[in-house]
Peer 1: 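Sharing a structure below in structure tokens format, with a few things to ask.
Computed from a prediction, not measured in an experiment: that's the story for all the values here.
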Amino acid sequence: MKQSTVLRIGEALLLVLMAGMVRPSSLPAQDQPLPAANSMSEDEARQLIKGVPTVNIPATLSRWKFSEAELATLRKWSAALVTEAGRPGFLKQWTETIQQVRRRNPQLASADIANLIQMLMGAAYEEASKLATSSGSDGAQLKPLQELKQRLDQNLADAKRLRVLMGTPSSDPLAGSVISLPAPQRTLHRCHLDQSPDPKVSCHQVLVSTTTELSDYLSTTETQLQEVENQIQVAGKSPQPGDDKRVQRLIELSSMARMMHSEAVGVAARSNR
């Protein structure tokens with residue numbers, strides 16, 4: 001074999017070896033694969049959902065460059081997430097859409113996926129926030145109870161003051177001892193919670209004339225006050241229905257965000273192999 005031929009073969013082998021040593025980092029920036037990512041943790045998913053109100057929708061759409069048909073599909077998904085976070089077939093459709101867009105737009109990064117998920121969950125997040133305000137009716141019930149307690153405390157103090165002021169009343173074997181004080185000083189109040197149309201405290205005057213009536217008043221007022229204090233304690237400790245529903249909805253969205261993110265990152269990783 002001629003020396004020139006041997007040299008050419010050697011040069012060719014050298015070029016092949018050098019080609020095998022080319023690093024992925026020498027690829028153009030737009031062809032760089034999406035960085036490998038572990039599954040999104042629960043805390044990361046919660047933070048993603050928490051950031052839903054801050055997502056820049058115009059910038060997100062600009063990055064993804066969806067077609068009109070794809071945008072229509074996104075709107076349907078966004079509406080579906082309002083009532084049901086795990087709609088049957090949702091993840092499969094999501095994966096197929098991500099695959100299609102990634103073929104046209106391979107430079108999309110993990111942050112773009114997170115922003116897209118946040119954008120889709122905007123309406124669902126807003127509805128979940130409204131659920132918290134629905135517990136306001138329970139708060140509206142607690143405030144009147146507290147006001148009623150204040151009035152009952154005052155009524156009880158007035159009755160005890162009357163017992164001190166009445167001195168030694170004249171005795172009536174049937175009706176009890178008569179309280180010899182002017183009517184204004186013997187006028188007390190009975191209060192209750194009026195539930196309609198809105199909870200509010202309602203009071204009316206009662207005129208106490210005998211020690212028996214005063215004793216009955218003190219006894220019933222003390223019992224009523226104890227019942228109201230128990231109601232306030234229960235209302236203050238019980239979780240509000242609106243808050244429970246809101247938390248449950250946000251948990252559902254968080255779980256769905258984790259699955260969507262995992263599927264999208266998986267698509268990106270497979271498309272870059």
Peer 1: Do Thr221 and Leu188 come within less than 4.5 Å of each other through their side chains, counting heavy atoms only?
Peer 2: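 The answer is no, as the side chains (C-beta and beyond) never meet within the 4.5 Å cut-off.
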
Peer 1: Where do Met121 and Leu253 come nearest, in terms of heavy atoms and distance?
Peer 2: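 The answer is CE-O, 3.4 Å.
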
Peer 1: Do the side chains of Ser67 and Gln100 get nearer than 4.5 Å, heavy atoms only?
Peer 2: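 Not touching, per the 4.5 Å side-chain cut-off.
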
Peer 1: Mind checking the CZ-OH spacing from Arg246 to Tyr125? Nearest 0.5 Å is all I need.
Peer 2: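 Result: 6.0 Å between the selected atoms.
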
Peer 1: Can you name the side-chain hydrogen bond (donor to acceptor under 3.5 Å, both in side chains) partners of Ser209, sequence neighbours left out?
Peer 2: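 Ser209 satisfies side-chain hydrogen bond (donor to acceptor under 3.5 Å, both in side chains) with Arg186 once adjacent residues are dropped.
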
Peer 1: Using every non-hydrogen atom in the two residues, find where Trp94 and Trp77 come nearest and quote the distance to one decimal.
Peer 2: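 Minimum heavy-atom contact is CA-CH2, 3.5 Å.
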
Peer 1: List the steps, then state whether side-chain contact (heavy atoms from CB on, under 4.5 Å) holds for Arg163 with Lys160.
Peer 2: CA-CA 5 Å; Arg163 186 171 57 185; Lys160 290 178 179 179; 4.0 Å; yes

Peer 1: Rounded to the nearest 0.5 Å, what separation is found between the CD atom of Glu147 and the CG atom of Leu142?
Peer 2: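 Atom-to-atom, Glu147:CD and Leu142:CG are 10.0 Å apart.
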
Peer 1: Verify the distance criterion only: is there a donor paired with an acceptor across the side chains of Thr95 and Glu263 at less than 3.5 Å?
Peer 2: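 Distance-only check passes for Thr95 and Glu263.
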
Peer 1: Is there side-chain contact between His192 and Leu148, with heavy atoms separated by less than 4.5 Å?
Peer 2: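 A side-chain contact under 4.5 Å is absent here.
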
Peer 1: Where the side chain of Tyr217 meets the backbone of His189, is there a donor-acceptor pair that is under 3.5 Å apart?
Peer 2: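 Answer holds: yes.
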
Peer 1: Using the side-chain hydrogen bond (donor to acceptor under 3.5 Å, both in side chains) criterion, which residues pair with Thr220? Sequence neighbours excluded.
Peer 2: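 Counting only residues at least two positions away or on another chain, Thr220 forms a side-chain hydrogen bond (donor to acceptor under 3.5 Å, both in side chains) with Arg190.
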
Peer 1: List for me each residue that meets side chain to side chain contact (heavy atoms under 4.5 Å, CB included) alongside Leu165, sequence neighbours excluded, and say none if there are none.
Peer 2: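 Arg161, Leu181.
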
Peer 1: List the residues meeting side chain to side chain contact (heavy atoms under 4.5 Å, CB included) with Ala72, not counting sequence neighbours, and say none if there are none.
Peer 2: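 Scan of Ala72 (side chain to side chain contact (heavy atoms under 4.5 Å, CB included), adjacent residues dropped) gives Arg75.
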
Peer 1: Does Gln118 use its side chain to pair, donor to acceptor, with the backbone of Leu48 at less than 3.5 Å?
Peer 2: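 The answer is yes, because a donor-acceptor pair under 3.5 Å joins these two groups.
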
Peer 1: Is Ile113 close to Leu108 at the side-chain level, that is, under 4.5 Å between some pair of heavy atoms?
Peer 2: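 Side chain of Leu108 against side chain of Ile113, heavy atoms only: no contact under 4.5 Å found.
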
Peer 1: Could you pull out all residues at least two apart from Glu229 that satisfy salt bridge (Lys or Arg N to Asp or Glu O under 4.0 Å)?
Peer 2: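 Only Lys149 meet the salt bridge (Lys or Arg N to Asp or Glu O under 4.0 Å) criterion with Glu229.
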
Peer 1: Check whether any side-chain heavy atom of Arg151 lies under 4.5 Å from a side-chain heavy atom of Cys203, and answer yes or no.
Peer 2: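 Arg151 vs Cys203: side chains touch.
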
Peer 1: Would you give the length of the straight line joining atom NZ of Lys76 to atom CG of Leu71, rounded to the nearest 0.5 angstrom?
Peer 2: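 Rounded to the nearest 0.5 Å, the NZ-CG separation comes to 12.5 Å.
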
Peer 1: Kindly say whether Ile251 contributes a backbone atom to a donor-acceptor pair with the side chain of Ser255 at under 3.5 angstrom?
Peer 2: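 Here the side-chain-to-backbone pair does not exist.
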
Peer 1: Which residue pairs satisfy the ring-ring contact (aromatic ring centres under 6.0 Å, His included) criterion with at least one member in residues 42-76, sequence neighbours excluded?
Peer 2: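 Counting only pairs at least two positions apart or across chains, the ring-ring contact (aromatic ring centres under 6.0 Å, His included) contacts touching residues 42-76 are Trp64-Phe66.
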
Peer 1: For Asp216, enumerate each residue passing the side-chain hydrogen bond (donor to acceptor under 3.5 Å, both in side chains) test, keeping only those at least two apart in sequence or located in another chain.
Peer 2: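 None.
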
Peer 1: Who are the side chain to side chain contact (heavy atoms under 4.5 Å, CB included) partners of Lys50, not counting sequence neighbours?
Peer 2: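 Expected list: Gln47.
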
Peer 1: I need the Thr97 OG1 to Arg102 CZ distance, nearest 0.5 Å.
Peer 2: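 Those atoms lie 14.5 Å apart.
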
Peer 1: Roughly how far, to the nearest 0.5 Å, is the CG atom of Leu152 from the CD atom of Gln150?
Peer 2: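 Between atom CD of Gln150 and atom CG of Leu152 there are 10.0 Å.
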
Peer 1: Which is it for Met256 and Leu91 under the side-chain contact (heavy atoms from CB on, under 4.5 Å) test, yes or no, and what are the steps along the way?
Peer 2: CA-CA 9 Å; Met256 191 63 184; Leu91 282 179; 4.1 Å; yes

Peer 1: Kindly write out the residues that satisfy side-chain hydrogen bond (donor to acceptor under 3.5 Å, both in side chains) with Glu126, not counting sequence neighbours, or none if the list is empty.
Peer 2: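 side-chain hydrogen bond (donor to acceptor under 3.5 Å, both in side chains) check on Glu126 returns nothing, list empty.
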
Peer 1: Could you pull out all residues at least two apart from Ala123 that satisfy side chain to side chain contact (heavy atoms under 4.5 Å, CB included)?
Peer 2: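 Ser78, Val82.
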
Peer 1: Would the distance check show the side chain of Gln224 and the main-chain N or O of Cys191 forming a donor-acceptor pair, the cut-off being under 3.5 Å?
Peer 2: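 The answer is yes, because a donor-acceptor pair under 3.5 Å joins these two groups.
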
Peer 1: Leu120 vs Leu74, test: side-chain contact (heavy atoms from CB on, under 4.5 Å). Steps then yes/no.
Peer 2: CA-CA 7 Å; Leu120 287 176; Leu74 293 179; 3.8 Å; yes

Peer 1: Check whether any side-chain heavy atom of Ile117 lies under 4.5 Å from a side-chain heavy atom of Ile49, and answer yes or no.
Peer 2: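 The answer is no, as the side chains (C-beta and beyond) never meet within the 4.5 Å cut-off.
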
Peer 1: Looking at every non-hydrogen atom in both residues, tell me the closest pair between Leu145 and Gln231 and how far apart they are.
Peer 2: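 Shortest heavy-atom separation between Leu145 and Gln231 comes out as CD2-OE1, 3.2 Å.
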
Peer 1: Filter on salt bridge (charged side-chain N to carboxylate O under 4.0 Å, His left out), then keep only pairs touching residues 60-73, sequence neighbours left out; what's left?
Peer 2: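 Non-adjacent pairs meeting salt bridge (charged side-chain N to carboxylate O under 4.0 Å, His left out): Arg63-Asp112, Glu70-Arg104.
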
Peer 1: Drop me the distance from Thr60's OG1 to Asn56's CG, to the nearest 0.5 angstrom.
Peer 2: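 Here the rounded value is 6.0 Å.
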
Peer 1: Quick check against the 3.5 Å criterion: does Ser254 have a side-chain atom that pairs as donor or acceptor with the backbone of Leu250?
Peer 2: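 A pair under 3.5 Å: no.
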
Peer 1: Begin from the C-alpha positions of Asp158 and Leu162 and carry the test side-chain contact (heavy atoms from CB on, under 4.5 Å) through to its verdict.
Peer 2: CA-CA 6 Å; Asp158 291 342; Leu162 173 59; over 6 Å; no

Peer 1: Using modelled atom types and a 3.5 Å cut-off, is there a donor and acceptor pairing between side-chain atoms of Asp194 and backbone atoms of Lys200?
Peer 2: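 No, Asp194 side chain to Lys200 backbone: no donor-acceptor pair under 3.5 Å.
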
Peer 1: So which atom in Leu193 and which in Pro144 form the shortest heavy-atom distance, rounded to 0.1 Å?
Peer 2: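 Closest approach of Leu193 to Pro144, heavy atoms only: CD1-CB, 3.4 Å.
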
Peer 1: Counting C-beta onward and ignoring hydrogens, is there a side-chain heavy-atom pair between Ile179 and Gln185 closer than 4.5 Å?
Peer 2: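 No. Closest side-chain heavy atoms not under 4.5 Å.
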
